[in-house]
Amino acid sequence: MLRIECPCCGPRDHDEFRYGGDASVMRPSHDDPDPEAWYRYVYVRKNPPGPHSEFWQHMTGCRQWLVVERDTRNHSILSVGFART
């Protein structure tokens, strides 16, 4: 089980959070008509081993969106911060 250190609520089990996806993927601009850009945004993901930034929302606590840096090789949490500064 992952333990995520919420900046507002302290350490919590991961089942209090909802995974929100890859935090390193850049969304195309809203009016971008290129279907290939939207295809890559929605479907194409790299899955390299090592540190990875992810969005998580603390659903049963403060409801804040967080960026969690997690090592995919051993699931250790490297850092946690607010998604919006």
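Quick caveat: nothing in here was measured; it's all calculated off a predicted structure. Below, each value reflects all heavy atoms present in this structure, side chains not excepted, and no hydrogens, waters or symmetry copies.
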- Task: Could you grab the distance from atom CZ of F82 to atom SG of C8, nearest 0.5 Å is fine?
- Result: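 Nearest 0.5 Å value for the CZ-SG distance: 3.5 Å.
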
- Task: May I ask you to test the D13-L2 pair for a side-chain heavy-atom distance under 4.5 Å?
- Result: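 Not in contact.
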
- Query: Do I4 and V68 come close enough that some side-chain heavy atom pair is under 4.5 Å?
  - Reply: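 In short, these two side chains touch, coming nearer than 4.5 Å.
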
- With a cutoff of under 4.5 Å between side-chain heavy atoms, which Ile, Leu, Val, Met, Phe, Trp and Tyr residues group with V42?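 Hydrophobic cluster check, V42: joined to V25, W38, Y39, Y41, Y43, V44.
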
Nearest atoms (heavy-atom pairs only) where [X] meets [Y]:
X	Y	answer
C6	F17	CB-CZ, 4.2 Å
P48	T72	O-OG1, 3.4 Å
A23	V67	CB-CG1, 4.2 Å

- Item | Neighbour count >12 (heavy atoms, 6.0 Å) for atom CG, N47 |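 No.
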
For residues 50-62, which side-chain N or O atoms pair as donor and acceptor with protein atoms under 3.5 Å away, sequence neighbours left out?
from: E54; atom 1: OE1; to: W56; atom 2: NE1; distance (Å): 3.0
from: E54; atom 1: OE1; to: R70; atom 2: NE; distance (Å): 3.0
from: E54; atom 1: OE2; to: R70; atom 2: NE; distance (Å): 3.2
from: E54; atom 1: OE2; to: R70; atom 2: NH2; distance (Å): 2.6
from: Q57; atom 1: OE1; to: R18; atom 2: NH2; distance (Å): 2.6
from: Q57; atom 1: NE2; to: R63; atom 2: O; distance (Å): 3.1
from: H58; atom 1: NE2; to: E16; atom 2: OE1; distance (Å): 2.7
from: T60; atom 1: OG1; to: E16; atom 2: OE1; distance (Å): 3.4

